[in-house]
2 protein chains.
Amino acid sequence: MAEKTAGADKRVTLRDVARAAGVSHQTVSRAINGKGEIDPETQRRVLDVARELRYRPSRFGRGLVRPDVVTIGLVVPDVVNPFYPEFIAGVIEAAGARDWQVVVASTEGNRPRELTLLRSLGQQVDALVGYFSHTDAELEPYVAGVPLAIVDRAPDTGIHAVVRIDSEAGIRAGLEHLISRGHRHIGMIDCVSYCDPAVRSRTFLDVSRAHRLPIDDNWVFVAEESMAGGGIAFETLRTRHPAMTAMIAFNDLVAVGAFQAARRLGVAIPAECAIVGFDGLSIGELIEPPLTTLHLDKRRLGELAVAQLDQLLAGELPPPVVLSPHLLVRGTT
Amino acid sequence: MAEKTAGADKRVTLRDVARAAGVSHQTVSRAINGKGEIDPETQRRVLDVARELRYRPSRFGRGLVRPDVVTIGLVVPDVVNPFYPEFIAGVIEAAGARDWQVVVASTEGNRPRELTLLRSLGQQVDALVGYFSHTDAELEPYVAGVPLAIVDRAPDTGIHAVVRIDSEAGIRAGLEHLISRGHRHIGMIDCVSYCDPAVRSRTFLDVSRAHRLPIDDNWVFVAEESMAGGGIAFETLRTRHPAMTAMIAFNDLVAVGAFQAARRLGVAIPAECAIVGFDGLSIGELIEPPLTTLHLDKRRLGELAVAQLDQLLAGELPPPVVLSPHLLVRGTT
DNA sequence: TTGTATGCGTTATCAA
DNA sequence: TTGATAACGCATACAA
């Protein structure tokens with residue numbers, strides 16, 4: 001009588017089912033896992049009891065005896081920024097192909113949070129992949145021992161796997177494209193970025209100098225990574241440099257934001273100001289004319305990151321791999 | 001000498017570290033978990049050995065002893081379709097607030113795959129949430145016993161938690177908005193959808209009839225859920241009904257696709273054809289004029305789903321909860 | 001076909 | 001402060 005009411009809140013185990021079904025817990029295991037060696041009749045009975053008791057195998061108990069299933073943690077700054085879904089999709093797909101599971105977490109661009117997240121997540125998964133804004137030294141106390149694949153950050157101590165994006169080549173290609181169209185007064189919208197903040201604007205200025213463009217630091221504006229940020233950047237740069245006839249943005253989000261601002265201000269694109277974006281997001285196809293951009297295969301980026309992790313998990317540290325953007329000329333230049 | 005080379009591929013355990021450090025495995029546990037009751041000197045030594053041996057605690061061993069960490073599985077048809085990232089963000093955020101982890105998986109719109117995915121994922125998590133295209137009966141063999149929160153599907157057997165979207169109210173509001181602007185020849189772009197395929201077009205036709213619009217089945221076109229699909233729908237409906245002056249789409253993706261097609265064909269929006277979308281995606285703001293739409297709080301949708309799961313995990317089946325869209329009048333009507 | 005005994009890696013209890 | 005011992009829930013030899 002007190003056998004059903006008891007239970008309180010404890011988990012139902014294999015043994016509970018066994019007791020209720022009047023068999024050994026071993027028989028229950030066999031029934032649940034459907035490996036022959038069991039009388040169909042007993043199996044049916046056991047299964048019924050199991051359902052009755054709402055029995056669910058513990059993934060921990062199971063994982064302990066056959067540690068097969070690999071789980072990786074995926075960390076991104078933001079799930080909604082349209083850059084990341086494609087990257088995430090690439091990771092999930094590549095992981096799925098290996099029968100891995102992916103725990104997704106977002107730092108919301110919060111650096112301290114990134115660290116605590118890494119610590120807790122790192123304890124629950126076999127490896128971590130994603131965008132990390134800290135140096136290896138800063139990361140170390142939080143992810144000690146956890147295999148790490150870092151995306152879009154220059155190799156640091158060289159102890160982690162790395163997938164780099166050749167933004168330098170991208171900026172160069174975009175800039176030279178604009179120059180070849182006769183532009184000489186070119187602005188750049190950079191973004192606040194945790195990693196390698198200087199490399200992009202440095203490349204921009206280096207290439208400009210090499211082509212003897214009349215440009216200096218003042219032609220670079222660091223915007224918040226959003227459409228609104230792009231709008232502000234456009235207005236600011238245009239006010240600062242009325243002679244500006246073109247601009248290159250570090251991502252499509254701000255590029256589109258700049259485009260919208262231009263439209264609002266009655267500035268014709270590309271006639272009065274050409275725009276080159278970066279990333280190749282599909283939002284670039286929605287504006288009219290569509291955005292010229294440095295297209296990056298974000299899905300591939302995710303696949304590469306997983307591949308790096310795969311090698312890491314296999315015990316070998318792979319050399320950094322680099323993914324390059326390619327120029328996609330559309331309507332805004 | 002053979003002590004380091006041995007290792008083969010086995011996992012390093014607490015006991016391995018203990019042996020190497022010349023202490024009991026219990027002491028190692030204490031050192032790792034940093035709970036006092038240990039000589040700082042021993043702790044340091046043990047920690048050193050642990051690092052040396054690249055020891056990592058097993059989440060299974062740990063989970064077995066204190067099953068605290070909750071992990072839920074999130075299933076969506078597609079990660080890239082701009083509807084889902086916001087929903088996913090809502091789920092991840094609400095889960096994070098409860099210190100839950102989220103394993104994200106995508107069915108890629110593949111129904112058989114959905115089932116196998118559900119089975120394997122269901123074994124690894126404490127509960128599942130997301131978009132499921134099958135009936136409860138079809139689901140049963142694959143997710144038996146797993147707490148389920150189903151989004152955007154009418155309650156079926158009533159054994160699972162459910163978050164519904166009141167698309168009926170949405171369609172009605174959109175349609176009446178168009179009617180109030182004087183439109184009478186209105187087309188509808190529906191989408192192939194697993195769940196409740198009929199409810200939307202039925203509502204559309206019911207409301208049309210109530211207002212005595214000259215409309216029948218032929219004014220409904222079922223499109224593929226993509227911009228291209230929306231384009232085809234626009235062309236088809238317009239050819240079929242030259243008198244059409246407005247249309248309502250079941251989601252912004254196809255609505256924007258229709259808009260682009262209109263532009264390509266030289267049809268002025270909204271002058272020659274008004275368009276109402278559904279979902280309130282940010283892509284609707286990129287076109288000019290911006291899309292009038294039935295805005296849905298997708299982030300909230302995710303939060304509600306997690307809340308439902310929370311109750312389910314607490315042992316009680318919550319009543320279905322409904323989320324309603326609201327009309328956002330912008331430029332295309 | 002079924003049951004018994006053992007071990008997986010960890011933490012908790014309690015005695016030393 | 002440390003160590004022996006006992007769980008935790010499951011699967012797998014091996015014996016019955």
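Sequence lines set the chain letters: A, B, ... in the order given, protein chains first and strands last, and positions in each chain run from 1. Values below: every heavy atom of this structure, side chains too, minus hydrogens, waters and symmetry copies.
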**OP:** Could you list the residues that satisfy side-chain hydrogen bond (donor to acceptor under 3.5 Å, both in side chains) with A/E316, not counting sequence neighbours?
**Re:** none
**OP:** For nucleotides 4-12 of chain C, just jot down a letter per nucleotide in 5' to 3' order: B, S or -, based on protein non-hydrogen atoms under 4.0 Å.
**Re:** BB-BBBBBB
**OP:** Applying side-chain contact (heavy atoms from CB on, under 4.5 Å) between B/W100 and each of B/T71, B/D310, B/V69, report the one that passes.
**Re:** B/D310
Subject >> By ring-ring contact (aromatic ring centres under 6.0 Å, His included) - contacts of A/F87 (at least two apart) >> reply: A/Y131
Original post:
Going by an N to O cut-off under 4.0 Å, is there a salt bridge joining B/R45 and B/D48?
Top reply: no
**OP:** Could you tell me which residues satisfy side-chain contact (heavy atoms from CB on, under 4.5 Å) with B/E86, sequence neighbours excluded, listed by chain and number?
**Re:** A/V80, B/K298
**OP:** Kindly compute the distance separating CD1 (B/I72) from CG (B/L312), expressed to the nearest 0.5 Å.
**Re:** 11.5 Å
Original post:
Side-chain contact, heavy-atom cut-off 4.5 Å: A/E108 with A/L117?
Top reply: no
Original post:
Does any N or O in the side chain of A/D16 come within less than 3.5 Å of the main-chain N or O of A/T13, such that one atom is a donor and the other an acceptor?
Top reply: yes
**OP:** For DNA chain D, note the earliest and the latest nucleotide, 5' to 3', having some atom under 4.0 Å of a heavy atom belonging to chain A.
**Re:** D/dG9 to D/dA13
Subject >> Electrostatic pair B/R111-B/E114, nearest N-O below 4.0 angstrom >> reply: no
Original post:
Are any side-chain N or O atoms of B/R56 and backbone N or O atoms of A/Q123, one a donor and one an acceptor, separated by less than 3.5 Å?
Top reply: no
Original post:
So which of residues 38-46 of chain B are in contact with DNA chain D, with a heavy-atom cut-off of under 4.0 Å?
Top reply: B/I38, B/D39, B/T42
